[in-house]
2 protein chains.
Amino acid sequence: MKLNDGPRNGSRDNSRDNSKANQKPRPAAGERRLGDFLCFAVYSANLAFGRAYKKGLDELGLTYPQWIAIVALWEQDGQTVSELGEKMFLESNTLTPILKKLEQMGYLRRQRDPADERQVRISLTEAGRRLREKGMHMNLVASTGLKPDEFARLQENVVTLRDNLIKATAEKAE
Amino acid sequence: MKLNDGPRNGSRDNSRDNSKANQKPRPAAGERRLGDFLCFAVYSANLAFGRAYKKGLDELGLTYPQWIAIVALWEQDGQTVSELGEKMFLESNTLTPILKKLEQMGYLRRQRDPADERQVRISLTEAGRRLREKGMHMNLVASTGLKPDEFARLQENVVTLRDNLIKATAEKAE
DNA sequence: TGCGATAAGATCGTATGCGATATAAAGCGC
DNA sequence: GCGCTTTATATCGCATACGATCTTATCGCA
């Protein structure tokens, strides 16, 4: 039984009272408040989506990235790791372990392309396709509290944002 | 030297040609294409933001969540772990290691609240405040390719989306 | 043809997220 | 004031992300 190594040894002879009175809000100037950061809005919305999907994904026994991979493969079977990575915005270092896990679970097969042994082609198994159908109902549109047209518009705006960011980042890398 | 345990043992006597001809796109019906998922747009936009911020954060020697924590603490010093967690949408299991790392780097202090020894109050050090100032210039508005009013509107919409999701998730948990 | 360059995946180490659980302090009921 | 519950934080294990690096296969070209 290890002790918490947190500062639970707080000495009571502390000089000042650390209650609410000690919290000093700071003035805002320009884009300073966390709440004004678009990146933080996206970051926290992503966390919220993950939690919202959790219950449905648990029923399928999948994690969110695993589910995305299944969806992407259902749309187009036999993709290489790179092709799948382009769609998911991930590279092999992240994707390979996910795919190996899904293969181990019996939802897909990974086989070297005979025409180019460097490439690995991924194909869903029958179980994988069934899983995709089973999750077809998962729909959080209602939970977003958005009207269908708002939903579609926001979706487009976020996609545009993402693509602009990627382009700008690639440019700045020279 | 371990061998890759990937399927690099592809037998050349494979029955079918696995080139592009083998990739079968499927029909769309309802919300099926990955590109139509708002959750995926947010997920991938979050990845894109992380990569866009990478260069600036590397200069500060911070990761993204570490930076968010510094920003949140700069706005209000002396918060407890729970209070900070509410703002960052994280809990102690995620936050504690991040805060311990930042403490170890000398950017903040963690001390038990003498008035309630269960709580830990977090305060930026002078170095932490300097770091916040140093990162003040990081601004990706240009990289988003959005006009200021579009930026602000999108930010609001994403925040609304996030809050709706959280509310809906909490409700369904009964 | 042979060999350096490039490409595709995989591996490893580090840093989040997060569910489950542990630990310690406060609250509270009698 | 003694136990039981609740609260605040921390720990642990698993699953991503991702930079750096490795292995193997293919390409380019002299």
Options dG17(C), dC18(C), dA10(C), nucleotide nearest the side-chain atoms of Tyr43(A): dG17(C)
Roughly how many Å is it from CZ in Arg121(B) to C1' in dT9(D), rounded to a whole number? 14 Å
Taken to the nearest whole Å, CG/Leu99(B) to C1'/dG17(C) is 14 Å
In chain order, what residues pass the side chain to side chain donor-acceptor pair (under 3.5 Å) check against Asn164(B), with sequence neighbours excluded? none
From dA8(C), dT9(D), dA25(C), nucleotide with atom closest to Arg112(B) side chain: dT9(D)
Among dA10(C), dC18(C), dA10(D), which nucleotide sits nearest the side chain of Val81(B)? dA10(D)
Among the nucleotides dT9(D), dA26(C), dT16(D), whichever has the atom closest to the side chain of Ser82(B) is dT9(D)
Please report the closest heavy-atom contact between Val159(B) and Ala41(A), naming both atoms and the distance. CG2-CB, 3.9 Å
Which residue pairs pass the side chain to side chain donor-acceptor pair (under 3.5 Å) test with at least one member in residues 62-71 of chain B, sequence neighbours excluded? Thr63(B)-Gln66(B)
How close or far is atom P of dA15(D) from atom CG of Leu57(A), stated in whole angstroms? 14 Å
Using distance only, find each side-chain donor-acceptor pair of residues 142-150 of chain B under 3.5 Å and give its atom names and separation, not counting sequence neighbours.
{"from": "Ser143(B)", "atom 1": "OG", "to": "Lys172(A)", "atom 2": "NZ", "distance (Å)": "3.2"}
{"from": "Thr144(B)", "atom 1": "OG1", "to": "Val141(B)", "atom 2": "O", "distance (Å)": "2.5"}
{"from": "Thr144(B)", "atom 1": "OG1", "to": "Leu146(B)", "atom 2": "N", "distance (Å)": "3.3"}
{"from": "Glu150(B)", "atom 1": "OE1", "to": "Lys147(B)", "atom 2": "N", "distance (Å)": "2.9"}

Got a sec, which residues hit ring-ring contact (aromatic ring centres under 6.0 Å, His included) with Phe49(A), two or more places apart in sequence or on another chain? none
Counting just side-chain N and O atoms, does Arg110(B) come under 4.0 Å of either OP1 or OP2 of dA10(D)? yes
Mind listing the residues from residues 84-98 of chain A sitting with a heavy atom below 4.0 Å of DNA chain C? Number order is fine. Ser92(A), Asn93(A), Thr96(A)
Taking only the side-chain heavy atoms of Pro65(B) (C-beta and beyond), determine which of dA25(C), dT26(D), dG17(C) contains the nearest atom. dG17(C)
To the side chain of Thr63(A), which of dA8(D), dA15(D), dT26(D) is closest? dA15(D)
Rounded to whole angstrom units, what separation is found between the CD1 atom of Ile122(B) and the C1' atom of dA10(D)? 12 Å
Selection residues 57-71 of chain A - residue pairs positive for salt bridge (Lys or Arg N to Asp or Glu O under 4.0 Å), sequence neighbours left out: Lys54(A)-Asp58(A)
Given that Lys54(B) and Tyr64(A) both sit by DNA chain D, which one's nearest nucleotide is further toward the 5' end? Tyr64(A)
Does a side chain donor of either Ser44(A) or Arg162(B) reach within less than 3.5 Å of an acceptor in the other side chain? yes
Quickly work out the Tyr53(B) OH to dC18(D) C1' distance and round it to whole Å. 19 Å
Presence of Gln119(A) side-chain N/O under 4.0 Å of dT26(D) phosphate oxygens OP1/OP2: no
Terminal axes of the helix from dT1(C)-dA30(D) to dC30(C)-dG1(D) (five pairs each): angle between them, nearest 10 degrees: 10°
Distance, rounded to the nearest Å, where Glu103(B) contributes CD and dA15(C) contributes P: 16 Å
For Phe89(B), give me all partners under ring-ring contact (aromatic ring centres under 6.0 Å, His included), at least two apart in sequence or on another chain. none
Who pairs with Glu126(B) by side chain to side chain donor-acceptor pair (under 3.5 Å), at least two apart in sequence or on another chain? Arg129(B)
5'-most contact on DNA chain D: Asp116(B) or Leu47(B), nearest heavy atom basis? Asp116(B)
Between CD of Gln104(A) and P of dA10(C) the distance, given in whole Å, is 15 Å
Regarding the side chain of Lys100(A), the nearest nucleotide among dG9(C), dA10(C), dT9(D) is dA10(C)
Distance check needed: dA7(C) C1' versus Asp113(A) CG, whole Å only. 14 Å
Can Thr169(A) and Arg51(B) be counted as having a side-chain donor-acceptor contact under 3.5 angstrom? no
Closest to the Lys101(B) side chain, choosing from dA15(C), dG17(C), dA10(D): dA15(C)
